[in-house]
2 protein chains.
Amino acid sequence: MSQKQLGIEAGFDPSSASPRMNQYEKGKHHPDATTVAKLCEVLGVPVAYLYCDDDDLARVIANFSKVGEKDRKRILAIVDTVKQS
Amino acid sequence: MSQKQLGIEAGFDPSSASPRMNQYEKGKHHPDATTVAKLCEVLGVPVAYLYCDDDDLARVIANFSKVGEKDRKRILAIVDTVKQS
DNA sequence: TCGAATACTAAGGATTCCTTAGTATGCTAA
DNA sequence: TTAGCATACTAAGGAATCCTTAGTATTCGA
């Protein structure tokens, strides 16, 4: 998918979608939170995934929506064993 | 902790920390990604936690840094059982 | 190698933000 | 009570950033 097309599907004005996307990708400008959310929606990536620097946790975030109810419970049970401060 | 103090600890200019924080909390303006990261650092909250709308996953994100190596492996093993698309 | 699609950039008007200055509100000690 | 202070909050404008326009550069397939 082209930069332009991605922007269009995220709801950008088609006439400026290309430069906008390019400026984001090149780091010239930064999308605001709403724009990031729309791009993530198009790309099928959880927004939280972008803001996670722990690779293990990133894998959990990326796949959690596909984890079934029982396995979720198992994961939460493990997580909840951490000592409360 | 006061709004002002939170801003100062996040590195804001002390003379404008109070209005800035208030504008963020009232929704008048929105902090950029770098500012969000600094505020999260001060508050001890993972940035990804803010961008997660699934309560179960939010719990995982909030506590993952305190989960030990073995339990991490167990969680990843569960997550990796999801069907690859 | 021509044409079209895509990638990329400069520049400026449009938008948003940070800062200043100040008011309003809550709280504590005299 | 109320004087004094910390905190919360707001308006307005200069400062910074972005979106848009216009255009050039690059890639790629016919």
Side-chain angles (χ1 to χ4, degrees), chain A residues 1-66 82-85, chain B residues 1-66 82-85:
Chain A
M1 170 168 8
S2 70
Q3 294 175 343
K4 180 181 181 179
Q5 187 60 26
L6 173 54
I8 289 173
E9 291 186 24
F12 296 4
D13 184 320
S15 68
S16 61
S18 174
R20 276 185 72 183
M21 283 306 309
N22 191 267
Q23 286 159 351
Y24 296 154
E25 296 200 1
K26 289 292 178 183
K28 178 74 179 296
H29 292 311
H30 305 281
D32 63 22
T34 302
T35 302
V36 170
K38 288 176 182 171
L39 292 172
C40 282
E41 175 73 24
V42 173
L43 296 172
V45 177
V47 178
Y49 180 83
L50 297 185
Y51 297 96
C52 178
D53 34 34
D54 180 315
D55 289 344
D56 289 342
L57 180 53
R59 267 167 68 197
V60 176
I61 292 172
N63 295 295
F64 200 76
S65 70
K66 297 186 288 252
V82 300
K83 295 211 176 54
Q84 312 301 329
S85 60
Chain B
M1 168 164 14
S2 70
Q3 294 176 343
K4 179 180 180 179
Q5 186 60 26
L6 173 55
I8 289 173
E9 290 186 24
F12 295 4
D13 185 321
S15 68
S16 61
S18 175
R20 275 186 73 183
M21 283 306 309
N22 192 267
Q23 285 159 351
Y24 295 154
E25 296 200 1
K26 289 291 177 181
K28 178 73 179 295
H29 292 312
H30 305 282
D32 62 23
T34 302
T35 302
V36 169
K38 288 176 182 171
L39 292 172
C40 282
E41 175 73 25
V42 174
L43 296 172
V45 177
V47 179
Y49 180 82
L50 297 185
Y51 296 97
C52 178
D53 33 34
D54 181 314
D55 290 343
D56 289 342
L57 180 53
R59 268 165 69 195
V60 176
I61 292 171
N63 295 295
F64 200 76
S65 69
K66 297 186 287 256
V82 301
K83 295 210 176 56
Q84 313 300 328
S85 62

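All chains are named by letter (A, B, ...) in the order of the sequence lines, taking the proteins before the strands, and each is independently numbered beginning at 1.
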(request) Return the minimal non-hydrogen interatomic distance between B:Pro14 and B:Ile8, and the atom names on each side. (result) CA-CG1, 3.9 Å
(message) How close do B:Tyr24 and B:His30 get, counting heavy atoms only, and between which atoms?
(response) CE2-C, 3.8 Å
(request) Give the minimum heavy-atom separation between A:Met21 and A:Leu6, together with the two atoms involved. (result) CE-CD2, 3.7 Å
(request) For A:Asp13 and D:dT21, give me the distance from atom CG to atom P, rounded to whole Å. (result) 6 Å
(request) Summarise how protein sits on nucleotides 4-18 of chain C as a single string, 5' to 3': B when a protein heavy atom is under 4.0 Å from the base, S for sugar-phosphate-only contact, - for no contact. (result) --SSBBBB-----BB
(request) Look at the side chain of A:Asn63 and the backbone N and O of A:Arg59, then say whether any donor-acceptor pair between them is shorter than 3.5 Å. (result) yes
(message) Can you measure B:Met21 atom CE to D:dT7 atom P for me and round it to whole angstrom units?
(response) 14 Å
Can you give each donor-acceptor pair under 3.5 Å made by side-chain atoms of residues 34-50 of chain A, sequence neighbours left out, with the distance rounded to 0.1 Å?
residue	atom	partner	partner atom	Å
A:Thr35	OG1	A:Asp32	OD1	2.8

(message) What's the angle between the local helix axes at either end of the helix from C:dT1-D:dA30 to C:dA30-D:dT1, using five pairs per end and rounding to 10 degrees?
(response) 40°
(message) Is the ring pair B:Tyr51/A:Tyr51 parallel, tilted or perpendicular, if the boundaries are 30 and 60 degrees?
(response) parallel
(message) So which atom in A:Ser18 and which in A:Lys4 form the shortest heavy-atom distance, rounded to 0.1 Å?
(response) CB-CB, 3.9 Å
